[in-house]
Enquirer: 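Here it is, the structure in full.
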Amino acid sequence: MFRWADLGGGSFGGWIDGSFARVSQEGDRLLFRGVSGEAAHRFFSLETDLPAVTGEFDVDPAIHEALRRYPGLRVIRQDPWECAASFMLSAYNNIPRLTGMLDQLSCRFASPRGGDSLALPSRRLGLNPFPRPEVLAKVSERVLRNCGLGYRAPYLKAMAQAVASTRMDLERLRALEDEGLRRALLTLPGIGEKVVECVMLFAYGRGAAFPVDVWIGRAMRGWYFRRRKVSDKKIREFARKHFGPYCGWAQQYLYCLARQMPC
DNA sequence: GTGGATCCTAAGTT
DNA sequence: AAACTTAGGATCC
């Protein structure tokens with residue numbers, strides 16, 4: 001999510017299932033190189049009937065405008081470990097710094113394998129695969145701080161240890177219903193009410209998840225609550241009822257709109 | 001225009 | 001519920 005690079009010439013690169021993928025668009029078709037079509041389809045949720053989904057929550061002027069501005073926008077399905085770690089690190093942080101942190105981690109604790117060799121990204125781009133939890137679990141807190149993580153360093157180490165051990169099998173969590181999944185993920189260190197929604201939505205494909213970050217919070221208060229003071233939880237509950245079971249997809253559209261025109 | 005000192009803030013969690 | 005690390009960006013000389 002945070003680690004895709006603009007390679008120029010209308011082409012973008014990032015890691016999908018252990019392969020470095022290059023994606024470009026030809027007319028209304030997407031072209032994938034370095035990765036199986038199947039994996040790419042899963043990653044970009046291309047099996048989802050987008051008009052059917054967006055039609056379900058095209059219910060008011062704000063979301064309507066967002067749908068008009070960002071046609072084709074989809075929710076990705078990322079690897080749960082990378083997703084959980086990335087969003088944990090995003091807490092009380094800014095995007096440029098976050099990407100710098102992730103780049104350092106991937107350059108220092110992961111090496112490129114797989115993908116077609118000619119298409120391997122350079123280390124300078126910071127585009128190695130995301131480090132495995134077993135690796136990060138053994139890295140000292142001091143070294144993690146050295147990657148610029150700050151106070152988040154111990155969280156990442158503890159999370160990596162949990163995921164690398166049998167304590168937290170992120171793949172087995174797929175079998176759980178939304179509430180069970182939410183409760184399980186919340187036990188991970190550094191994951192709270194906002195990040196858990198991100199992981200559910202962007203890694204586990206739970207369309208009913210609705211992350212309320214500062215941007216969505218501001219925007220929703222402005223657009224739907226007459227700028228009243230409302231808790232993030234209330235906003236989430238409202239969104240779930242207002243937009244329905246795919247409110248998480250609506251969140252993506254609103255998020256883009258909120259960042260483009262801040263309140 | 002360029003360089004550096006300083007201030008401020010940040011896709012929240014504990 | 002106040003505190004949390006610190007890099008990157010903005011502002012200002």
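Since we're looking at a predicted model, the values are computed, not measured. Per chain, numbering begins at 1; letters A, B, ... match sequence-line order.
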Enquirer: With rounding to whole Å, what would you report as the distance between B:dA11 and C:dG9 at their P atoms?
Expert: 12 Å
Enquirer: Touch check for A:Y155, heavy atoms < 4.0 angstrom, all strands: base, sugar-phosphate only, or nothing?
Expert: sugar-phosphate
Enquirer: For C:dT5, what is the paired nucleotide under Watson-Crick or G-U wobble rules, both distances under 3.5 Å?
Expert: none
Enquirer: Please work out if A:G190 contacts a base, only the sugar-phosphate, or nothing of the nucleic acid, heavy-atom cut-off 4.0 Å.
Expert: sugar-phosphate
Enquirer: How close or far is atom C1' of B:dA10 from atom CG of A:L149, stated in whole angstroms?
Expert: 15 Å
Enquirer: Relative to the 5' end of DNA chain B, which residue comes earlier, A:I95 or A:L188, by the nucleotide with the nearest heavy atom?
Expert: A:I95
Enquirer: In the structure shown, which nucleotide is the Watson-Crick or G-U wobble counterpart of B:dA11, with both distances under 3.5 Å?
Expert: none
Enquirer: Can you check the A:E141 CD to C:dT5 P distance for me, whole Å?
Expert: 9 Å
Enquirer: Are A:R69 and A:E65 within salt-bridge range, i.e. N to O under 4.0 Å?
Expert: yes
Enquirer: A:S90 has a side chain; which of B:dA11, B:dG12, C:dT5 sits nearest to it?
Expert: B:dA11
Enquirer: How is A:G192 classified with respect to the nucleic acid when contacts are heavy atoms under 4.0 Å: base, sugar-phosphate, or nothing?
Expert: sugar-phosphate
Enquirer: State whether the distance check finds a donor on one side and an acceptor on the other, under 3.5 Å, for side chain A:R152 versus base C:dT6.
Expert: no
Enquirer: Has A:Y92 got its ring stacked on C:dC4, by the test of a centre gap below 5.5 Å and a plane angle below 30°?
Expert: yes
Enquirer: Going by an N to O cut-off under 4.0 Å, is there a salt bridge joining A:E171 and A:R174?
Expert: yes
Enquirer: Grab the CG-P distance between A:L254 and B:dA11 for me, whole Å please.
Expert: 17 Å
Enquirer: Nearest-Å distance, CG (A:L156) to P (C:dT5)?
Expert: 16 Å
Enquirer: So A:R145, base contact, sugar-phosphate only, or nothing? Heavy-atom distance under 4.0 Å.
Expert: sugar-phosphate
Enquirer: Please determine, for the side chain of A:R259, which listed nucleotide (C:dG8, B:dA11, B:dG12) has the closest atom?
Expert: B:dA11
Enquirer: Rounded to whole angstroms, how far apart are CD on A:E197 and C1' on B:dG12?
Expert: 14 Å
Enquirer: What is the distance, rounded to the nearest whole Å, between atom CZ of A:R97 and atom C1' of C:dC4?
Expert: 11 Å
Enquirer: With a 4.0 Å cut-off, would you call A:R240 and A:E237 a salt bridge?
Expert: no
Enquirer: How close or far is atom P of C:dT5 from atom CG of A:L98, stated in whole angstroms?
Expert: 18 Å
Enquirer: Quick check against the 3.5 Å criterion: does A:Y246 have a side-chain atom that pairs as donor or acceptor with the backbone of A:F57?
Expert: no
Enquirer: Using atom CG of A:N146 as one end and atom P of C:dT5 as the other, report the distance to the nearest whole Å.
Expert: 16 Å
Enquirer: Between A:T48 and A:R74, does a side-chain hydrogen bond (donor to acceptor under 3.5 Å, both in side chains) hold up when you go through it step by step?
Expert: CA-CA 9 Å; A:T48 299; A:R74 286 167 189 269; 4.9 Å; no
Enquirer: Check every strand shown and say whether A:I191 touches a base, only sugar-phosphate, or nothing at a heavy-atom separation below 4.0 Å.
Expert: sugar-phosphate
